[in-house]
Structures are given as C-alpha cells and as structure tokens.
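The structure appears below as structure tokens.
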Amino acid sequence: MSRPAPLTPVEPRSRAALRRRLCAWFARERRDLPWRRTRDPYPIWISEAMLQQTRVEAVREHYARFLDRLPTVASLAAASEDEVVALWSGLGYYRRARALRLAAQGIVERHGGSFPRTRAELLALPGVGPYTAGAILSIAFQLPEPLVDGNVARVFSRLFGIDEEPGSATTRRLWALAHELVPPVTDAEDVPEVSPGNWNQALMELGALVCTPRSPRCDACPLARRCVALATGRAEELPRRAPRREPLDVALEVLVLWREDTVLVVRRPAEGRMAGLWELPTRELTATGLWPGEHALALATEGSELDRVSHAITHHRVRASVLPGRWRREPDAPDPARARWATADELLELGATGLTRKILARAASGADRRPSRLG
Ligand code: SF4
C-alpha cells in the first residue's frame, strides 16, 4: 500500500510524547488476553480474525478451542472446510473462516509455511486486509506498520477533532495519521514499552476501555491533555456516524423434532449467508430470501408454540416462532448431507447457526414451554 501524505501533521515532539504516554498507560492497564502472551504470528492472526465484529469474551473460548484443534498454520491448511467452519460456529461472518483456511494454504504453498513479513505479501492472501496485515506485522514482528480499526478511528477522530462525514476521504486521513504516528523501531530501544506493536495495541485498548463509543471516561484518559474533542466538548459527538440502516424484520417458523436425545437439523445451502451451517428446519414467513424454500423436508407443525425467540443477524431483526414438528411422510433415512439427527455435542462439532444454538440453549434451560431432551 502506498503511503498517503499526512493530512494532519503532528509535531515530532508531540508524536514522541503521545507514544510515551499511551504506551506507558498500556503497560499498566492492558488486559491479560491469551493472544497477548505470544509473538507467534499464527495465533495473533487467528485472534485478529476472530475479534473483527466480535466481543472479546465470545472470542476467548473459540480461540482456545480453535488453537487446540488446529495449532499451526499447516494444520489449518490441511483441515477440511467443514471442520474450520464448525470451529468458527457462533462467531458469525463465516466467510472469514473460509478465507483463513485458504490463506493458510497460500502460506504453506507460497511461503513454505512461514508467515510473510511484508504488507504486500500479506495483502495477497485471501481475507487479509490492511488492518490484519498491520496487526500481524506490528504485533508479531514489531515492524513499524500502522493499523486502523473502529477503536483507532474513534480515538483519532476525537483526539484530533476530525469532524467529517464517514467515507473514503476520512478513512484515508485516519490511515495517514496512523502511518505518521506509529513508532519507528528505534524508539523501542529508547523507551522499552514504546514499540509498533504496543502502540497499535494501546490505541485499540484505549478505544475499548476508555475512549468508548458512549460515555468516554476522559478523566481516566492518558491523552486527555491534548484531546481536541474534550477541549471543545464534542467527545460524544465524534466521530460522526453513518446514517443508520433500517433493520429488516424477518418472521420465521422453526420446527423441533426430537428422537431420544437428538434433534433433527438440516444443512443450509453451500453458498450465501451462513453457508453450510446446520439449523433446525426453518421456514421464512417474510420474503428476505435468507431462508429460501420450505422446511427442506416433508414436515408439518404439531401442537402449540413452544417458544418465541428474537435474534439479530447483521441488520435483520428475526422473530422466530418455535413449534413442535412432525413428519408428513418420514423418509427411510434422511440424506446425511442435508439432514441428520444430532446431539448437543455433535451440533457443536458440526457448526450450527446462532439462532439454532439459541433456541436449543433456551430449551435446555427450560426457558421454552417444554423440557429439552438435549444437553
Ligand atoms: Fe477519548 Fe476523552 Fe481521551 Fe479524548 S480525552 S481521547 S475523548 S477518552
């Protein structure tokens, strides 16, 4: 990526002071997260991919399970897509999981299994964008490479008073600042805690813990003294937000069929949203197209509603009516590629949609109107 011209020059002395203050704060306040205990680029890469759009607490458990099963880039490259997607189950945005496996194959085939150390080579891998490349290069290899994620964008917007509509010009400005401010490697020798990796992580940590989207804790902020938004009383107003996309309402009918301690699940199509994941037989009553076709099997409802579940999938607001199901015509044996009986543990291995896991968890906890035979 060519280096953009700095749009908001920061005096060299101010730059050094910012780095020292923020990195010293990070050394004191950083959370002890599993992926921060290593310099190995593989687990750092996995954690960064998982953390995009996902809460830290949700990532912790998945991260440990993923690395337990696929501890090296070679093991990820050799894994089946189904296995990788199953390990990703619950994190959403399944394209990331598929891209990880393809990128691991690229690293094995083109780089002999070692992570490349240049931005251009990393960006050539499937699913690796400027943020992920910056994270791997700075955190694992301590190279002076910048990154910008939502947290960094918020901190910079407030710190430098960037009051602009979101868009490509603003994105370029934020990246220019990130380039300008990331410490050169030599600083790491002068002040040990100031390094490219610590600086980038400290910015993200400040955005996560202090400079939060709502009610930033400016009284606890190490950068408060030079923050434009704080000085002008606009901390909560910046950054400007993109106009909200109206949520789409989706109504579903979800059937539950038990057989001893197993439940019937069907597989979603290989392409599109939540591709290849397993779910309870589902029919969409609205017409967003997320659940095309009937229940995919000869099923009918039987009896009254067991539960009513709300669920969010990106900008879709899902309301699911959970009903007991019955066969209209029971197949001799369901095609195992499309439908199967599964226990709770097997579902975890197979990879189930978030809505299905939520419905079954509610049933297991007795939140629906009938005791579960799962779990
Ligand atoms: Fe964010 Fe407040 Fe710190 Fe400014 S002073 S960077 S608004 S937390």
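Keep in mind that the numbers below use all heavy atoms, side chains included, and drop hydrogens, waters and symmetry copies. Just so we're clear, the structure is a prediction, and the values are computed from it rather than from any experiment. One-based numbering, in listed order, for ligands and for the atoms of each.
The distance from the CG atom of Leu76 to the CG atom of Leu87 is 9.5 Å, given to the nearest 0.5 Å.
Contacts classified as side-chain hydrogen bond (donor to acceptor under 3.5 Å, both in side chains) and involving residues 221-237 (residues at least two apart or in different chains) are given here: Asp163-Arg234, Thr232-Arg234. Screening residues 127-148 for side-chain hydrogen bond (donor to acceptor under 3.5 Å, both in side chains) gives Glu48-Tyr131, Gln52-Thr132, Arg119-Glu145, Ser138-Asn200, Gln142-Ser195 as the qualifying pairs, with residues at least two apart or on separate chains. Sorted by first and then second residue, the salt bridge (charged side-chain N to carboxylate O under 4.0 Å, His left out) pairs involving residues 194-216 (not counting sequence neighbours) are Arg31-Glu205, Arg36-Glu205.
Each protein N/O/S atom under 2.8 Å from atom 3 (Fe) of ligand 1 was counted, for a total of 1.
No side-chain N or O of Glu83 forms a donor-acceptor pair with one of Ser80 less than 3.5 Å apart.
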Problem set entry | Val210 vs Glu29, side chain to side chain contact (heavy atoms under 4.5 Å, CB included): CA-CA, chis, key distance, verdict | CA-CA 11 Å; Val210 176; Glu29 305 290 338; over 6 Å; no

